[in-house]
Number of protein chains: 2
Amino acid sequence: MTTPIRLLLADDQALVRGALAALLSLEPDLTVVAEVSRGDEVVPEALRTHPDVALLDVEMPGLDGVAAAAALRAALPGCRVLVVTTFGRPGYLRRAMEAGANGFVVKDTPARQLADAVRRVHAGLRVVDPTLAAETLATGASPLTERETEVLRTARGGGTVAELAATLHLSEGTVRNHLSSAIGKTGARNRADAVRLAEANGWLLG
Amino acid sequence: MTTPIRLLLADDQALVRGALAALLSLEPDLTVVAEVSRGDEVVPEALRTHPDVALLDVEMPGLDGVAAAAALRAALPGCRVLVVTTFGRPGYLRRAMEAGANGFVVKDTPARQLADAVRRVHAGLRVVDPTLAAETLATGASPLTERETEVLRTARGGGTVAELAATLHLSEGTVRNHLSSAIGKTGARNRADAVRLAEANGWLLG
DNA sequence: GCTTACACCTGACAAATGTCACGGGCGAGA
DNA sequence: TCTCGCCCGTGACATTTGTCAGGTGTAAGC
């Protein structure tokens, strides 16, 4: 073993972040050099500490993990990215890979495998949960157009059509058309149902 | 120091569970004797391993952490319970305390404080996040009746009134009345909004 | 006994929602 | 060029939803 692999951890839950740091620090060839709680702190902290691998959560304030991954790849091309997330949503994996992530691990995986995943990513390999990969291929990309996802995303707050139209600067009829189309495409029966399904598939990311 | 404090960990996310085990094992006076991933495995495993303190997540398959806490207090009165959860929902804290939990910690708290929380709970003290405690007192208990919460819980799936009525064996009018009442009490404008608000307050637990 | 709260139902009503048919404009690709 | 898909809009329509005013029965409290 030469110098240890330098790690950056990004997770909004301090307890989980610290626990992951403890877990990874048990490995002699790994060392945690930075911890952040927000997505928009990833790049500045990485520029300061020059990690070899960054472990990013998807759900974070400021900037979601996928966007942070893209920004990090642009700022430090030599830094590998391993996305570690709670939800194994098919769309998340797809978006993360498109954003340049080198690996994707859900928090359901056994703790022992995390260090190996880090090492593989550092070695230039891709690490993907096989179950999730299959599901992603089965589910496919989002069938929703840009506008439809935007309307659905706004509809998450639970407002009337009039309010949606006002915040989106659209006509009420247009909003209804987009919603109807989204409902049809997702196979939902309701606006609320469509929001639920789209979110479960990871189709509502920024 | 005499014998170390024996811990049981319950969390459905294997990675988080393992990381917490690593974090707590760093403390010389703590030892993790059991790990489970489901709420309904807590009591059997506790009967087998006799932990001093059980760390329970709220969101778990099989049995939620609050119900598991109650069952554990009944089966092993000597075992202290520390609830560790992702969401700082006011209702969760209230329900957990009513179920006999000795402490309540959100996953936003710094990792260093967890071991102290465990020690305090083991010493017979109550550990509660002060911010969350204040919010709980401000929000108060659920204003919803049993039936209203049940209807809201069923409405989470996103079905029509007719379907809700069918699954609940009620008349459509009754369902609508319960929904309307719940919407009024929560200050929501929609059925979907009411579900969202009630869930955010932790009023939809089993 | 009386009151209060809850569960359950009915019927009716206005408002919101979801669907459809129909336009026009715009950019990408055959 | 022509077609196709997406975006945006209109108007109309049936359905669903949320609200209200009633009614019953039942259990708990004064």
Side-chain angles (χ1 to χ4, degrees), chain A residues 91 94-95 98 140-201 203-206, chain B residues 91 94-95 98 140-201 203-206:
Chain A
R94 177 178 296 273
R95 296 287 298 270
E98 287 171 0
S142 171
L144 303 173
T145 70
E146 193 177 338
R147 234 11 182 178
E148 287 160 359
T149 54
E150 197 176 350
V151 172
L152 270 193
R153 201 158 38 222
T154 312
R156 265 190 298 194
T160 71
V161 173
E163 291 167 339
L164 297 184
T167 60
L168 292 170
H169 304 292
L170 288 178
S171 156
E172 295 193 15
T174 304
V175 171
R176 278 218 286 266
N177 285 342
H178 283 310
L179 282 175
S180 183
S181 170
I183 291 171
K185 286 180 180 177
T186 54
R189 291 172 314 231
N190 267 346
R191 169 190 324 190
D193 204 15
V195 169
R196 222 171 38 83
L197 291 173
E199 193 148 39
N201 282 322
W203 292 338
L204 294 186
L205 268 188
Chain B
R94 176 178 298 273
R95 297 286 297 270
E98 286 171 359
S142 171
L144 303 173
T145 70
E146 193 177 338
R147 238 3 187 182
E148 287 160 359
T149 54
E150 197 177 351
V151 172
L152 269 194
R153 204 161 32 223
T154 311
R156 264 189 300 194
T160 71
V161 173
E163 290 167 340
L164 297 185
T167 60
L168 292 170
H169 304 292
L170 288 178
S171 155
E172 296 193 16
T174 305
V175 171
R176 279 217 287 264
N177 284 341
H178 283 310
L179 282 174
S180 183
S181 170
I183 290 171
K185 286 181 180 177
T186 54
R189 291 173 315 234
N190 267 345
R191 169 190 325 189
D193 205 14
V195 169
R196 223 171 37 84
L197 291 173
E199 192 148 40
N201 283 321
W203 291 339
L204 261 42
L205 268 189

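Worth knowing before you read on, the calculation uses all heavy atoms, side chains too, and leaves out hydrogens, waters and symmetry mates. Just so it is clear: chains get the letters A, B, ... in the order the sequence lines come, proteins before strands, and each one is counted from 1. What you are looking at is a predicted structure, and each value in this text was computed from that prediction instead of being measured.
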Peer 1: Under a 3.5 Å distance rule, please check whether B:Ser181 uses its side chain to pair with a backbone N or O of B:Asn177 as donor and acceptor.
Peer 2: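 Checked: no pair found.
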Peer 1: Side chains of B:Val151 and B:Val175, heavy atoms from C-beta outward: is any pair under 4.5 Å?
Peer 2: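 SC-SC contact between B:Val151 and B:Val175 confirmed.
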Peer 1: Check every strand shown and say whether A:Thr145 touches a base, only sugar-phosphate, or nothing at a heavy-atom separation below 4.0 Å.
Peer 2: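 Counting heavy atoms under 4.0 Å across all strands, the contact made by A:Thr145 is with sugar-phosphate only.
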Peer 1: Would you classify B:Thr160 as touching base, sugar-phosphate or nothing, given that sugar-phosphate means primed atoms plus P, OP1 and OP2, and contacts are heavy atoms under 4.0 Å?
Peer 2: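 B:Thr160: backbone/sugar contact only, no base atoms under 4.0 Å.
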Peer 1: Roughly, in whole Å, what's the span from CG in A:Leu168 to C1' in D:dG9?
Peer 2: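 Checked: the CG to C1' distance equals 15 Å.
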Peer 1: Heavy atoms only: give me the nearest A:Val161-A:Glu172 pair and the separation to one decimal.
Peer 2: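 Reported closest heavy-atom pair: CG1-O, 3.7 Å.
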Peer 1: Could you state the CD-C1' distance from A:Glu148 to D:dG5, rounded to the nearest angstrom?
Peer 2: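 These atoms are roughly 11 Å apart.
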Peer 1: May I have the distance from B:His178 (atom NE2) to D:dT17 (atom C1'), rounded to whole angstrom?
Peer 2: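 Value for this atom pair: 16 Å.
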Peer 1: Whole angstroms only, please: what is the CG-P distance between A:Asp193 and C:dG18?
Peer 2: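 After rounding, the reported distance stands at 11 Å.
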Peer 1: Answer yes or no: is there a donor N or O on one side and an acceptor on the other, between the side chain of A:Arg156 and the main chain of A:Val195, under 3.5 Å?
Peer 2: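 Absent.
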Peer 1: Which pair of heavy atoms, one from B:Gly159 and one from A:Asn190, lies closest together, and at what distance?
Peer 2: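 Nearest pair, atom of B:Gly159 first, then A:Asn190: O-ND2, 3.7 Å.
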Peer 1: Strictly below 4.0 Å: does A:Arg147 bring a side-chain N or O up to OP1 or OP2 of D:dC8?
Peer 2: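 Looking at the OP1 and OP2 atoms of D:dC8, one of them is under 4.0 Å from a side-chain N or O of A:Arg147.
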Peer 1: Round to a whole Å and report the spacing from CD of A:Glu172 to C1' of D:dG9.
Peer 2: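 Those two atoms, CD and C1', are 12 Å apart.
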Peer 1: Could you tell me the separation between the CG atom of B:Leu152 and the P atom of D:dG18, rounded to a whole number of Å?
Peer 2: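 From B:Leu152 CG to D:dG18 P: 11 Å.
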Peer 1: Is A:Ser171 near enough to D:dC8 that one of its side-chain N or O atoms lies under 4.0 angstrom from OP1 or OP2?
Peer 2: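 For D:dC8, neither OP1 nor OP2 has a side-chain N or O of A:Ser171 closer than 4.0 Å.
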Peer 1: Find which nucleotide of DNA chain C each of A:Asn190 and B:Pro143 is nearest to by heavy atoms, and output the residue with the more 5' nucleotide.
Peer 2: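 Per heavy-atom nearest nucleotide, the more 5' residue is B:Pro143.
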Peer 1: Given atom NE2 of B:His169 and atom P of C:dC8, what is their separation to the nearest angstrom?
Peer 2: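 Atom-to-atom, B:His169 to C:dC8, this comes out as 12 Å.
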Peer 1: Flag the pair B:Glu150 and B:Arg147 as a salt bridge only when some basic side-chain nitrogen lies within less than 4.0 angstrom of an acidic carboxylate oxygen.
Peer 2: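 A salt bridge links B:Glu150 with B:Arg147.
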Peer 1: Please report, rounded to the nearest Å, how far the P atom of C:dT19 is from the CZ atom of A:Arg191.
Peer 2: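 Result: 11 Å.
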Peer 1: What does the B/S/- profile of nucleotides 19-30 of chain D look like, 5' to 3', with a 4.0 Å heavy-atom cutoff to protein?
Peer 2: BB----------
Peer 1: Between B:Ala188 and B:Leu197, which heavy-atom pair has the shortest distance, and what is it?
Peer 2: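 The answer is CB-CD1, 3.8 Å.
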